[in-house]
Amino acid sequence: MRWTGNIRFLLLAPAVIWVLAFTVFPLGYSLYLAFYKIEQKVEVKREKQPMLDAAGKPMLDDSGQPRTKNVVIKDQVNSATFIGLDNFKRLFGDPQVKEAIRVTLLFVLIAVPLELVFGFLLAVLFNQHIFGRPVLRAVMILPIFATPLAVGYTFFTIFYEVGGPLAWTGIPFLSNPNGALASVILVDIWQWTPFCFLVFLAALQGVPEELYEAARVDGASPWDMLKEVMLPLLIPTIVLVLLLRMAEALKLFDIPFAMTGGGPGVATQPFSLLAFRTGLRFFDLGYASAMAYALLIVVMVVITLFFRRLRVSYG
Amino acid sequence: MGDRIPGSKRGWGEVIASLIAITVALIFAFPIYWAFSQSLRNPIDTYTVAGLGVPWINFTPTLNNWIDQLGTPETVQALYNSTVIAISAALLALALGTPAAYAIARFRFERWKNRDITVWFLSQRVLPPVATVIPFYLTMRYLGLLDTKFALVLINATFVLPYVVVILRQTFLDLPVELEEAALIDGAGHWGAFWRIALPLAAPSMAAAGLIIFAFTWNEFLFAVSIGSNTAITVPVHIAGAIDTRGVQFWFMGVRAMTAIIPPVIIALIAQRYIVRGLTLGAVRG
């Protein structure tokens, strides 16, 4: 049977064109922006204009002159100046960027491994014969799909230091820079450990029963079973989950936006939040584009490291 | 799910494992429960509630917050917008992605290699959205589409497109090719084989993919807050606006958080069987 007709291009084309239009084009545009200093100024002018009455005729004052009013005219003026690599150079000397990199790296390097470890342990636990497993598994799905922004605000109320449910611990969950970063990490662990857990559980249940039997016959202890049977078989899945979690964790935005607002100060302001604020709150669009590109390059390096693994998974 | 007891004995081990599992599940459920508990409290109970904030035991519950919030035009607007945007984006992504998934699953692309096309779609998913938000914002401003649902449908369809492509690709690969080949021999043509044979068989999977990407679009915040501020306000943006000059009103926040969380969570429970495959972009089967 021939599966090479030209209709394959017709089937594929809409999706490819769509991605080109809404991903590749914006990325190209933003690269262009990164080489410019874009300033948006509002020019304010005052002008005297004649006052009109309801019929559209000029109103006259007592002396018969047309009455005038002062009108403020605001004009938004955009200017783009080519500045070459200056935006990228500026990145290296910017203390906010340095802090955002520190926050993002700490977050990724602490949260992601913990999520994988907890997720793996929970998967091993749930892989046993336990009461009410379907219900418990369903409960574990909830955090993954809970709206991150709502989660952020909910945890804001949970970590609230005056009258919150954890106030009795006296831990400065939100007011201390390190405490706040730890809280962001904790929320991410709450939300994404279940994801690692679900995937690992699915993979564990795909392990053929015979392998466990064989190991048991050989007199393997539960620990041996974990180390010699489960872990090696799960390596491909672990690598995949690691990649997906790292790619997501580098995008961290919603939770700090909602829970800490990036604070106290900029102690929990990840790179995405900084780029968003620079671009769409302070409208330093060129510089924000350069920031976004720096993040993009980091993500691309991460993906490239895992690329082979990915190709095998989808081969 | 088969019951499996690797290396463990029944009896006490089982009981202890179950107790740990129940404790863990309760810990993970607590924050959502807390938001719900908060939504039932009178403002006066906010900071003084004792224990675990159990309604009727620790405080007298009230539905006033729900009535107040659901009666606010802005809340209704946000719920309506989010629903319209999520459904439209899901349908659009399915319409674009399903034929592409079929093409990758069935046909051979010699020059580009099928799996490289798949990974190309996937790589779009791992891009940091903040890299496209600024050019997208400027483009929409240029087109006069800022603060419209249309702009949010466009961008969300783009984000969820890779999910559709990889999930449906796997679905088509799992379908027996013989049915379509029989149709081809009968002279149905490739389009006929796709439209009349493969598509109906893939319908359940399309529905599951549609549900999952509905949830993703519902939860999206970065683009929603950048593009839509008033008429195109979505539920997460509405929540973010809840901090006003009176500070955070925890009791209203509870309601808003619950209205945001309930739809995607219900969807996740409906589409449970497909979730693992969906979340791992088709790489692991649940």
Side-chain angles (χ1 to χ4, degrees), chain A residues 1 3-5 7-8 11-12 14-15 18-19 22-23 26 29-30 125 128-131 136 138-143 145-147 149-150 153-154 157-158 163 195 198-199 202 212 222 225 237 240 247 251 253-254 272 275-276 279-280 285 288-289 292 295-296 299 303 310-311 313-315, chain B residues 1 3-8 14 17-18 20-21 25 28-29 31-32 34-35 47 96-97 99-100 102-103 106-108 115 118-119 124 126 128 130-132 134-137 158 161 181 190-191 215 219 221-222 226 236 239-240 250 253 257 260-261 264-265 268-269 276 279-280 283-284 286:
Chain A
M1 193 57 59
W3 285 102
T4 48
I7 192 175
R8 67 198 153 135
L11 291 167
L12 193 61
W18 191 272
V19 173
F22 291 104
T23 305
Y29 188 18
S30 126
L125 176 72
Q128 307 191 29
H129 199 260
I130 55 171
F131 304 124
L136 295 179
V139 170
M140 298 296 289
I141 292 177
L142 304 184
F145 279 84
T147 312
L149 205 84
Y153 280 110
T154 301
T157 66
I158 290 175
F195 163 69
L198 275 184
V199 178
Y212 293 120
M225 203 85 90
T237 315
L240 183 84
K251 299 180 191 171
F253 181 83
D254 297 20
S272 290
F276 167 79
L280 294 175
L285 296 160
S289 297
L295 180 63
L296 188 67
V299 174
I303 296 170
L310 259 187
R311 277 191 64 172
S313 292
Y314 298 98
Chain B
M1 272 195 275
D3 287 334
R4 186 164 295 150
I5 324 137
S8 72
E14 199 175 293
S18 300
I20 299 174
F28 276 91
I32 296 175
W34 187 255
Y47 308 110
L96 291 163
Y102 185 74
R106 285 288 185 254
F107 292 89
R108 278 197 51 197
R115 67 175 173 191
T118 314
V119 175
Q124 189 263 325
V126 278
V130 78
T132 49
I134 291 163
F136 191 77
Y137 170 86
T158 313
L161 188 57
E181 301 203 322
H190 282 299
W191 178 256
N219 286 345
F221 175 65
L222 173 59
S226 306
I239 297 178
F250 285 21
M253 185 60 80
I261 289 172
V265 155
L269 294 177
V276 171
L279 289 173
T280 57
V284 176

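Just so it is clear: chains get the letters A, B, ... in the order the sequence lines come, proteins before strands, and each one is counted from 1.
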Handout entry: Atom of B:A25, atom of A:L136 and distance for their closest heavy-atom approach
Key = CB-CD2, 3.6 Å
Completion exercise
Honestly, the part of B:F221 sitting under 4.5 Å from a heavy atom of chain A is both
Fill in the blank from the handout: Most contact-rich option vs chain B, by heavy-atom pairs under 4.5 angstrom, among A:D254, A:L285, A:L198, is A:D254
Problem - Side chain / backbone / both / neither for B:I20 at chain A, heavy atoms under 4.5 Å - result: both
Practice task
Give, for atom CG of A:L142 and atom CZ of B:F28, the distance between the pair rounded to the nearest 0.5 Å.
Solution key: 11.0 Å
Problem - Pairs of heavy atoms under 4.5 Å with chain B: top-ranked of A:P143, A:A292, A:P26, A:A275 - result: A:P26
Practice task
Could you check which of A:T157, A:L280, A:V199, A:V19 has the highest count of heavy-atom pairs closer than 4.5 Å to chain B?
Solution key: A:T157
Practice task
List the atom of B:P128, the atom of A:K251, and the distance in Å for their closest heavy-atom pair.
Solution key: CA-CG, 4.0 Å
Problem - Atom group of A:L296 that falls short of 4.5 Å from chain B, counting heavy atoms - result: both
Completion exercise
Of the listed A:A247, A:S30, A:P14, the one with the largest count of heavy-atom pairs under 4.5 Å with chain B is A:S30
Completion exercise
Closest heavy-atom pair, A:F22 versus B:T158, reported as atoms and distance to 0.1 Å, is CB-OG1, 3.3 Å
Problem - A:F276, part contacting chain B, at a heavy-atom distance under 4.5 Å - result: both
Problem - Nearest heavy atoms of B:V130 and A:S272, plus distance in Å - result: CG2-O, 3.5 Å
Problem - Spacing of A:T147 atom OG1 and B:I261 atom CD1 [to the nearest 0.5 Å] - result: 6.0 Å
Practice task
Heavy-atom pairs under 4.5 Å with chain B are the metric here; pick the option from A:I158, A:V299, A:T154 that has the most.
Solution key: A:I158
Completion exercise
Note: vs chain A, highest number of non-hydrogen pairs under 4.5 angstrom among B:A17, B:A21, B:P31 is B:P31
Completion exercise
Honestly, the part of B:Y102 sitting under 4.5 Å from a heavy atom of chain A is side chain
Completion exercise
Checked A:L295, A:I141, A:V139, A:I130 vs chain B; the most non-hydrogen pairs under 4.5 Å come from A:I130
Completion exercise
Output for pair (A:R8 CZ, B:R108 CZ), nearest 0.5 Å, gives 9.0 Å
Handout entry: Smallest separation among heavy atoms of B:A215 and A:F145, with atom names
Key = CB-CD2, 3.6 Å
Handout entry: Which atom of B:E14 lies closest to which atom of A:H129, heavy atoms considered
Key = CG-O, 3.0 Å
Problem - Contact class of B:L222 relative to chain A, heavy atoms under 4.5 angstrom - result: both
Problem - A:T23 (side chain) donor-acceptor with B:Q124 (main chain) under 3.5 angstrom - result: no
Practice task
Apply side chain to side chain contact (heavy atoms under 4.5 Å, CB included) to the pair B:W191 and A:L11, showing each step before the final yes or no.
Solution key: CA-CA 9 Å; B:W191 178 256; A:L11 291 167; 3.7 Å; yes
Handout entry: Proximal component of A:F253, with respect to chain B [non-hydrogen, under 4.5 Å]
Key = side chain
